[in-house]
Amino acid sequence: MMNNKMPSSSAQDRQVSIWFQKIQNGEIKLPRFQRHQAWDRNRIASLLDTVILNLPLGVTLLLNVDKEHFVSRYIATAPETGARVTEHLLDGQQRLTSLWRTLHNNYEDVKFFLYISKYDRYFEKTEEALEVNVFYKTRYQNKKGNLMPLWADNPNDTFQRGLIPMELFRPGDISSEYEKWVDDALLPMKPASGDENYEENLFSWMNFKNEILKIIRDYRETISHFNLPYLALPSQTGKDTALQVFINMNTNSKPLSQYDIIRAEIEGVKGVSLDDYQNKLDADYPNIHYYFELPFLILATSALIQDKLPNQRGMWDMQKDTLVENWDLMCSGLAKMATFMESQGIHDKNRLPTNAVLSVIAALYTVIPENLDARGQAEILLKKYLWSSFFTDRYENSAASNAYADFMALKSIILKKEKTPDVYFTEKDVPVLNREKYTLTTIDELVKVGWPKRENIRARGIMAVFTKLGAIDFADGSTLNRQQLIDGRRHYHHVFPDALLKEAEVESYLALNCSLITDKTNLNISNKEPFKYLKERYDWTSEDIVNTRLKSHLIPIEELKNGGYENLSPEDKKEKVTTDFEAFIKKRGQYVIQAISQLTSGKDISANEIMNAVEQQSIEE
């Protein structure tokens with residue numbers, strides 16, 4: 001058995017010039033799990049300031065390579081030589097990429113310079129002290145296709161500003177390049193042969209030119225010999241060990257994710273790019289990513305397909321080659337999940353009560369038969385599961401393990417598995433559907449649920465009921481859709497005006513006092529009675545329009561019409577507002593409870609049926 005215990009390591013010195021040689025030759029590459037360059041211009045300039053001052057920059061991490069274990073890529077803009085790779089850069093990408101690109105000045109939208117204040121003739125300065133630092137100028141193309149500002153490519157114009165392009169300081173034999181630049185920069189200052197004191201002025205000009213060349217050479221020496229030390233893992237280091245060291249040393253402000261690591265494993269096992277797979281999934285099924293981040297959905301669904309927990313442990317335990325083999329099946333499951341969620345009136349993650357259900361539904365779709373009858377029966381089961389997850393406390397805690405248990409039981413029902421001979425799994429075996437274990441929410445709980453903009457399963461579940469009914473907008477009569485949410489046209493609004501309730505010292509931020517509708521100017525009427533407030537705000541023209549729009553939000557119309565606050569004393573008004581609001585919340589809560597009963601039974605709902613059923617119950621009571 002190979003001993004993976006790593007020997008103690010000491011940092012080894014390596015000058016920037018050697019780093020550049022290895023990058024130029026294609027000997028150094030990056031594992032694909034490394035993120036692309038993320039440093040901004042200020043940080044890049046700060047890095048170069050550190051180098052020209054010859055200050056320490058920290059240690060990089062390499063993995064010596066005999067045979068590449070990870071799918072790799074070249075440092076951005078480095079030559080793709082196809083040469084034998086001898087090192088993988090595990091940590092230090094941002095520093096080396098910034099050095100390479102800045103010292104080649106090949107960023108598309110910015111150019112870097114060394115600024116030397118004593119040569120700046122563009123702005124008058126009063127300071128005598130010599131200032132030297134790295135300066136950058138943003139570039140852009142004008143309508144003629146010219147890269148602006150034009151002066152940034154003109155040697156004389158840049159030098160008059162005290163600027164020398166950073167590409168002149170890159171390691172290598174480029175004396176002819178920087179000498180030509182100096183000639184071009186100083187040419188307008190060169191005395192003409194017919195000038196008075198020509199020889200004296202020419203001598204001064206030559207001395208000045210040599211002064212500039214010496215400055216360039218001195219800083220080139222500093223940069224070329226700058227030490228960027230490294231630690232190196234031996235080539236026999238196992239992939240798991242290399243990854244763990246990388247995680248421990250990674251200097252990114254954003255830590256390496258679970259997906260990054262598993263992606264690296266897959267690339268090592270299968271030699272394929274999970275990024276490419278993910279991008280194709282997003283392109284083929286663009287609605288999936290609205291519900292949650294694709295990396296999580298991919299890994300959680302793949303884990304469940306392999307009967308593993310949809311959490312970190314299960315994702316580690318699943319077979320990575322099997323994940324790739326099941327890729328098309330997993331993609332199909334996620335696509336069907338997104339379609340199902342939209343059919344249930346849930347359009348995005350900001351309105352999703354719990355993301356734990358997504359991978360369960362997606363993984364179940366991979367075993368649901370395509371036969372119409374069988375699929376129809378299975379989707380009724382999915383509806384029961386979905387809405388039960390919103391209106392029980394099943395997913396308040398331990399969501400991953402509870403999702404796994406529900407998934408295994410639901411899967412057994414769909415596949416008609418036997419618990420014991422001739423005894424099949426039933427809905428009572430699905431914990432979230434077992435009402436003895438997980439009862440549905442009650443009216444007493446609903447009337448206390450807070451504002452749905454916060455992450456609250458029950459609050460978002462209440463709003464999901466309204467969006468399932470279409471949530472017709474009060475102003476334009478449109479049915480809620482995803483595009484309105486993407487465009488930011490729908491907002492959370494109080495049905496009973498916030499100002500009116502605050503005046504009465506009543507809590508207004510309740511889910512049952514909320515509707516997801518487009519914004520309108522308040523017009524200073526928000527302390528009026530609610531029905532008059534809404535009618536004036538949205539210019540309703542007929543009773544039918546009023547009823548249709550309000551009913552789609554399960555808003556009790558008669559309770560909303562309570563009013564007559566204008567001539568009341570402050571105390572009487574406070575009492576009446578409180579009483580009216582409580583009646584409104586209670587009735588709307590009864591409507592939602594009726595909707596929950598229908599939805600958790602796998603049935604569809606309509607506003608009229610819900611309201612009529614509640615009214616009939618009131619009569620019978």
Side-chain angles (χ1 to χ4, degrees), residues 344-347 351-354 357 383-396 432 435 438-472 474 479-480 490 492-496 501 506-517 530 534 547-560 562 580-618 620-621:
Q344 298 307 296
I346 299 168
H347 302 285
R351 257 59 56 174
L352 178 65
T354 172
V357 301
K383 292 175 186 177
K384 294 179 180 180
Y385 165 71
L386 179 75
W387 291 99
S388 294
S389 72
F390 298 165
F391 291 107
T392 64
D393 60 5
R394 173 72 170 161
Y395 288 110
E396 297 289 349
V432 74
R435 295 295 169 253
Y438 293 96
T439 57
L440 294 175
T441 188
T442 64
I443 186 71
D444 291 336
E445 180 189 1
L446 283 192
V447 298
K448 297 175 184 176
V449 173
W451 202 243
K453 198 169 184 179
R454 304 158 191 154
E455 289 191 26
N456 181 303
I457 292 178
R458 205 71 72 243
R460 290 185 175 187
I462 290 170
M463 297 306 296
V465 172
F466 306 148
T467 57
K468 180 73 172 74
L469 291 168
I472 298 173
F474 293 173
T479 299
L480 184 141
R490 291 283 185 132
Y492 295 103
H493 283 276
H494 295 82
V495 181
F496 253 70
L501 294 173
V506 175
E507 175 59 54
S508 66
Y509 281 88
L510 300 177
L512 289 175
N513 190 35
C514 182
S515 284
L516 197 58
I517 52 179
L534 291 172
N547 291 343
T548 300
R549 294 179 184 180
L550 294 180
K551 283 182 178 180
S552 71
H553 297 262
L554 293 185
I555 291 174
I557 297 169
E558 293 306 314
E559 282 73 11
L560 191 69
N562 285 326
D580 290 350
F581 183 63
E582 288 175 353
F584 167 81
I585 291 295
K586 181 180 179 181
K587 179 55 68 73
R588 201 180 190 202
Q590 290 171 341
Y591 289 160
V592 172
I593 288 291
Q594 179 64 27
I596 292 170
S597 175
Q598 297 293 310
L599 291 167
T600 55
S601 298
K603 300 174 184 177
D604 280 324
I605 56 174
S606 77
N608 282 332
E609 289 178 359
I610 289 169
M611 291 179 165
N612 290 339
V614 170
E615 299 311 319
Q616 185 62 39
Q617 289 172 4
S618 298
E620 292 173 357
E621 292 173 358

Working to the nearest 0.5 Å, report the span between [atom1] of [X] and [atom2] of [Y].
| X | Y | atom1 | atom2 | value |
| --- | --- | --- | --- | --- |
| I585 | L510 | CD1 | CG | 5.5 Å |
| R460 | K453 | CZ | NZ | 11.0 Å |
| S601 | L440 | OG | CG | 8.0 Å |
| I593 | I443 | CD1 | CD1 | 5.0 Å |
| F466 | L516 | CZ | CG | 10.5 Å |
| I457 | I462 | CD1 | CD1 | 12.5 Å |

**Message:** Assess, by modelled atom type and distance only, whether the side chains of S388 and R435 contain a donor and an acceptor separated by less than 3.5 Å.
**Reply:** yes
**Message:** Testing the 3.5 Å rule here: is there a donor-acceptor pair between the side chains of Q617 and Q594?
**Reply:** yes
Is any side-chain heavy atom of [X] closer than 4.5 Å to a side-chain heavy atom of [Y]?
| X | Y | value |
| --- | --- | --- |
| C514 | V495 | no |
| Y509 | R454 | yes |
| T441 | T392 | no |
| L501 | F581 | yes |
| F391 | L599 | no |
| I610 | V592 | no |
| L560 | L550 | yes |

For [X] and [Y], indicate whether the former's side chain and the latter's backbone hold a donor-acceptor pair under 3.5 Å.
| X | Y | value |
| --- | --- | --- |
| D393 | E396 | no |
| R394 | S389 | no |
| N513 | S508 | yes |
| R351 | I346 | no |
| T467 | G345 | yes |
| S552 | I472 | yes |

Can you see which heavy atom on [X] is nearest to which on [Y], and at what distance?
| X | Y | result |
| --- | --- | --- |
| G589 | L446 | O-CD1, 4.0 Å |
| K384 | G602 | CG-N, 3.5 Å |
| A459 | P452 | CB-CA, 3.6 Å |
| M611 | I555 | CE-O, 3.6 Å |

**Request:** Would you please name every residue forming a ring-ring contact (aromatic ring centres under 6.0 Å, His included) with H553, sequence neighbours left out?
**Result:** F474
**Message:** Would you call the rings of F390 and W387 parallel, tilted or perpendicular, taking 30° and 60° as the class edges?
**Reply:** perpendicular
**Prompt:** Which class fits the ring pair Y385 and Y395: parallel under 30°, tilted 30 to 60°, perpendicular over 60°?
**Reply:** perpendicular
**Asked** Does the pair E507/K448 count as a salt bridge with the N-to-O cut at 4.0 Å?
**Response** no
**Message:** Do the side chains of K468 and D604 get close enough for a salt bridge, i.e. N-O under 4.0 angstrom?
**Reply:** yes
**Asked** Step by step, would you call D580 with E559 a side-chain contact (heavy atoms from CB on, under 4.5 Å)?
**Response** CA-CA 7 Å; D580 290 350; E559 282 73 11; over 6 Å; no
**Steps toward salt bridge (charged side-chain N to carboxylate O under 4.0 Å, His left out) verdict (K587, E582)** = CA-CA 9 Å; K587 179 55 68 73; E582 288 175 353; over 6 Å; no
**Request:** Identify, with sequence neighbours excluded, every residue that meets salt bridge (Lys or Arg N to Asp or Glu O under 4.0 Å) alongside K551.
**Result:** none
